[in-house]
Structure formats: structure tokens, C-alpha cells
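Positions are given from 1, in the same order as the sequence printed here.
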Amino acid sequence: MLYHLYETQRSLMEPFTDFAQAASKLLSNPGSPLSQTGTAQRMAAAYDLLYRLGKDYEKPAFGIHTVDVDGVGLAIHERVEIDKPFCALRRFKRFSDDPATLTVLKGQPVVLIVAPLSGHYASLLRDTVRTMLREHKVYITDWKNARMVPLSEGPFHLDDYVNYMQEFIRHLQAKYGHCHVVSVCQPTVPVLAAVSLMASRGEQTPLTMTMMGGPIDARKSPTAVNNLAINRSFEWFENNVIYRVPEKFPGAGRRVYPGFLQYTGFVAMNPDRHASSHYDYFKNLVKGDDASAEAHRNFYDEYNAVLDMDADYYLETIQTVFQDYKLVHGTWDVRSPEDRIERVRPQDITSTALFTVEGELDDISGSGQTEAAHGLCSGIAHQAQRHLEVKGAGHYGIFSGRRWRDMVYPQVRDFILAHQSPPKNALPAAATAAAVAPVAVPVTPASKAGSEPAQQTAQAVKAAPAATSAPRAAAKTPAASAIATRWVSPEPASAVAAESAGPGTASKARAAATPAPRSKARKA
């Protein structure tokens, strides 16, 4: 009922927001006689602010049309390569009329960027994509608004998320022979599960996994996000944040965690910052500071655009990641598309290098939560693992803004380049799931970590010596050539207190990392 009331209220407010927009333009247009009055500029600013507070924010476009590489402009064309009910695999294809440039582009690494499904659209990673396009072939998971997915498509579970990731990875490997995966925030957990399952079956796995600011082990340095999930029961989430989509949308009747509730939670985490940001916007309009006003619009056009998440996926994520810690306890079982139950065993990964990134000031995924992946992936050679802690960076700063571009990206780029050549014992691209029978894992209520002898026997197919995961290409910087289990980034002298341009950065970080919940046992 709350969702229906919200939509009714929004429909009633729509004429007033349209009037506010028209009034603002009338009072600010130099050709209008009303703009010559003494209070016109302040009134225009007030109407503009009212319009932005009341308008409906649609899904933002990535808007990446060109990328400059060493003075050569590359045209960018977006296209969807795989269209699933709840997600599209989107490619940013690069074009150039310079033969030398084309030759370089063809040999660059293929990267799958896994965007978070935790409230905002994948366009939140626009800066991540734009930066990586300079030296990589880039794909991204573009998650869909659950209220736009008809009920006929069925529910979406955390298991489905994991299966999507495996399908996308297989697609890229079949097309290019190999790929690299970069997961940001929430998807670090399902991506690790997907690669673990592929490794357990003896399938080819990505050359590298880069995990940035994710809750691999949410018990470490718990944040406000973690505490909320811990202090509220599963039933509380199910009864208080789950509603059905109203009739006016294609997904009418679907149980979802509505975007407007998520947005309310984002703002409630730091209301003072948002209030001052909007007041600054009003003052910038009055004094004619168009650049600052435009920065505000760009930020909130992204921040205010939220999507609904399927209830099963949301609740299952809450339960699996933030309440039961199934990944770190070794008790997480995933149902495959063939209806097999398989145990997630990160220790079976041997031929994929691992790079984890955390922000020193991250208040969403606390210190050590992402680094915990190294302890779980015990089969990866020591020299093929690295951890980076970025001084002075919050959650948002590790994948967008100045610190991402100047401190994080160079290390990610060099790590990927150092592992671009597949290990000698890696399976060929043709050795996919079709060639290796999946290992079915029986589910027993009393099963605990380390108590699965039958599953361990099935891992005998993994014969990848740890040494083969060592870097095979010279890194571009000294830091990249010295791959250590833990490496802490020094703060460059040019790094000042401001994390990145744009208002409300800290709040945006919280928005990007709001936990993507889970649910009870998968329904038949």
C-alpha cells in the first residue's frame, strides 16, 4: 500500500513541479520582462530548486561518446551483447580511423566491470568506465529496474545473480579467450562465488579478479550499514521494506524493495549534508555561478535516480552476506540453472590473480572486509595476490573521482597487464561448463566449513600449481612489479583533503554501497 500511496502523491505533485520549472525559466529568461524585476533571480532560483526536489528522476545515460587516448580521439558506441530479464551485458565499443591505434586497441585486455545492484543504476560507475576505456575493452553489467520486469519473467534470486556472472564471463572467454573481472562494492561477493564455482568444476576462470570496497567478510570493522542488517531480523526487513509494484508499471504485482525507500535511507544517513548542498545550489543560482550549479545538477541527477530491487534477491543478500556470513563460514550453496546445488569454495581458485582495494575512510565497507578475500582464496599463489589501501579515500573515491584516476586506476591497470598472459596450465577457452560436468553438492543442514569430504574429492581435477599464477608481463611502474600480499598506497603530495569534485560525495558513497539484501530459501 505504501508504494501505491507514494505513486499517487507523486502524480499529484507532477503538475506543481512542471509549473515550478516553467516559472523558473520565465523568471530567468533575459527576453522575459519579468526577469528585469528586482527579485526575479531569487524567485527563479527558488522555483528551480522546488522543481528539482519534486521531479521524477529517470535512469541516467552513460553519455560516453568519445575517449581521448594520447591525443587520439576514440569514438564510443554502446551496445547490448546479452539481454537478460534483470540485467544487460553492455559493451562500450571503441572506433578509430588510425591504423596504428586500431592495432593497439585489438591487443588490449578485456575487462568485465560488475556494477552494484544496490539502489543506483550502473551509470554510477561512469567515471570507472571512462577511465578504463583508454586501455581496455570494457563491458559492464547494466542492471534493470525490477518494476519494469514483468511477473512472467519469474523472481530474481541471489543464485540468479551468481549464474548471470558465470554466463557473462563464459561469453567473454569464448569471444576473446580470456577476460578480467572488476567488481565494485556489493558484487564482490557474488563474483567471488561465481568464479569459485567455475574453478570447482574445472572451468577456465578469469585471469584476474579486482575487488573494490565490498563486504566479503562483513564481520570486520562493522559500519552503520552492517549494524542495521545485524540489529534487524530477517522478518523485519521482509515486513517493513518489501512492497508490491503498482499496476501502472510492467512489473505490476512483483515484490520489490522500492527505490524511493532506498533513496530515503540514503538521505537519512546524512541529512545535513544534503540540506546544505541544496542551499548552496540556491545561492549559486542567485549569484549566477553556473559551473557550481551544473555540478550540483549532474551529481543529483545520478544520486536521485534509483531502481527497485527484486525482494528475493534483496532479502537473500541481507541474510547470506550480512547475517549468516555464509561465504566466510563455508556454508553457501548456490542453485545452478540446471537445478544442481553446489557449494561455494573460494579455496578452489588457483589460476586467477586477486587484487583487493579498500578506502582508508570507507564508511560503507569497513577496513578489512574486502581484504578478507585473500584468506578465503588460499589456492592462489602469494605472488599473484595484492591488497591496496588508498589513503584519504572514502567508499566513492576508490572507483570515481581524482583518487580513482590518479591512485587506484594505475595500480589496477598494471595488475591486469601483469597477468594478461594466461597461466601455462590454464584451460583453453573451449573448455567451458559444457565440457566439464558440474559437481553437485548435497545439502545437509548440519554441514559446516571443512566438513565436505565428498566435495573435496571432486576438486582433484584442479591441478594448477600455484606458481603459474605469477605475473607474466612487466609492470609499468615499480609498485606494479613488486606484487605483495598487502601493499598500502602512499598519499601523493598533490592529494588534498577534497576527495573529488561535486557536492555530496560522501552521501553518494553511501548510496552506492547500500547493502543489496537477500531472502529466505529459494522458492520452487
Side-chain angles (χ1 to χ4, degrees), residues 112-118 158-159 161-162 165-166 181-200 205-206 208-227 229-230 313 316-334 343-349 352-360 362-380 382 384-390 393 395 398-399 408 412 415 449 485-488 509 512-518:
L112 169 62
I113 299 177
V114 185
L117 177 54
S118 55
L158 182 58
D159 292 355
Y161 193 126
V162 175
M165 294 305 101
Q166 295 180 79
V181 179
V182 175
S183 54
V184 179
C185 187
Q186 166 270 325
T188 56
V189 175
V191 165
L192 181 55
V195 176
S196 299
L197 292 171
M198 295 177 73
S200 297
T205 58
T208 67
M209 291 187 297
T210 300
M211 300 184 171
M212 307 172 65
I216 298 296
D217 187 351
R219 300 171 303 175
K220 298 180 179 292
S221 307
T223 64
V225 172
N226 305 135
N227 291 332
I230 294 171
Y313 159 75
E316 287 166 7
T317 301
I318 285 288
Q319 187 176 62
T320 302
V321 180
F322 297 97
Q323 293 183 344
D324 295 345
Y325 312 108
K326 291 183 180 180
L327 178 61
V328 293
H329 287 159
T331 58
W332 187 8
D333 296 309
V334 173
R343 177 60 51 87
V344 175
R345 295 173 51 84
Q347 62 268 36
D348 291 342
I349 303 173
T352 299
L354 175 63
F355 187 14
T356 56
V357 181
E358 294 180 345
E360 179 190 30
D362 194 333
D363 57 353
I364 300 301
S365 293
S367 177
Q369 290 190 12
T370 313
E371 187 181 10
H374 293 281
L376 298 177
C377 300
S378 56
I380 300 177
H382 174 85
Q385 301 185 43
R386 181 193 292 181
H387 176 72
L388 171 65
E389 182 179 275
V390 186
H395 184 82
I398 61 176
F399 63 85
V408 180
V412 173
F415 186 79
T485 302
R486 180 171 181 82
W487 184 83
V488 180
T514 296
R518 312 171 169 182

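- Using a 4.5 Å heavy-atom threshold, the side chains of Q323 and I318 count as touching.
- You'll find the side chain of V412 stays beyond 4.5 Å of the side chain of F399, heavy atoms only.
- Checking side-chain atoms of Q385 against main-chain N and O of I380 turns up a donor-acceptor pair under 3.5 Å.
- Rounded to the nearest 0.5 angstrom, R345 CZ and W332 CH2 are separated by 15.0 Å.
- Considering only heavy atoms from C-beta on, V334 stays 4.5 Å or farther from P190 through its side chain.
- The minimum heavy-atom distance between A194 and M165, with the atom names listed, is CB-CB, 3.8 Å.
- We find the CD1-CE distance between I113 and M212 to be 9.0 Å, quoted to the nearest 0.5 Å.
- For T210, the side chain to side chain donor-acceptor pair (under 3.5 Å) test picks out no residue, with sequence neighbours left out.
- No side-chain donor-acceptor contact under 3.5 Å links Q319 to the backbone of D324.
- Once rounded to the nearest 0.5 Å, the distance linking CG of L197 with CG of D333 reads 9.5 Å.
- Between I398 atom CD1 and I364 atom CD1 the span is 10.5 Å, to the nearest 0.5 Å.
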Working note: V189 + F322, criterion side chain to side chain contact (heavy atoms under 4.5 Å, CB included); need CA distance, chi angles, decisive distance, verdict. CA-CA 11 Å; V189 175; F322 297 97; over 6 Å; no

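- Scanning both residues, P206 and T352, for their nearest heavy atoms gives O-OG1, 2.5 Å.
- A side chain to side chain donor-acceptor pair (under 3.5 Å) with Q369 is found for exactly one of N226, T223, D217, namely N226.
- The minimum heavy-atom distance linking H395 with G213 is given by the pair CE1-O, 3.2 Å.
- Not counting sequence neighbours, the partners of T188 by the side chain to side chain contact (heavy atoms under 4.5 Å, CB included) test are S183, M211, P215, I216.
- Smallest separation of non-hydrogen atoms from S200 and D348: OG-OD2, 2.6 Å.
- At a threshold of 4.5 Å between non-hydrogen side-chain atoms, the residues F415 and V357 do not count as touching.
- In plain terms, the two heavy atoms of G330 and R343 that are nearest each other are O-NH1, 3.2 Å.
- At least one donor-acceptor pair closer than 3.5 Å links the side chain of E358 to the backbone N or O of G368.
- The backbone N or O of S367 lies less than 3.5 Å from a partner atom in the side chain of S221, making a donor-acceptor pair.
- In this structure, the separation between CG on L192 and OG1 on T356 is 11.5 Å, given to the nearest 0.5 Å.
- What you find for K220 and A372 is that their closest heavy atoms are CE-CB, 3.9 Å.
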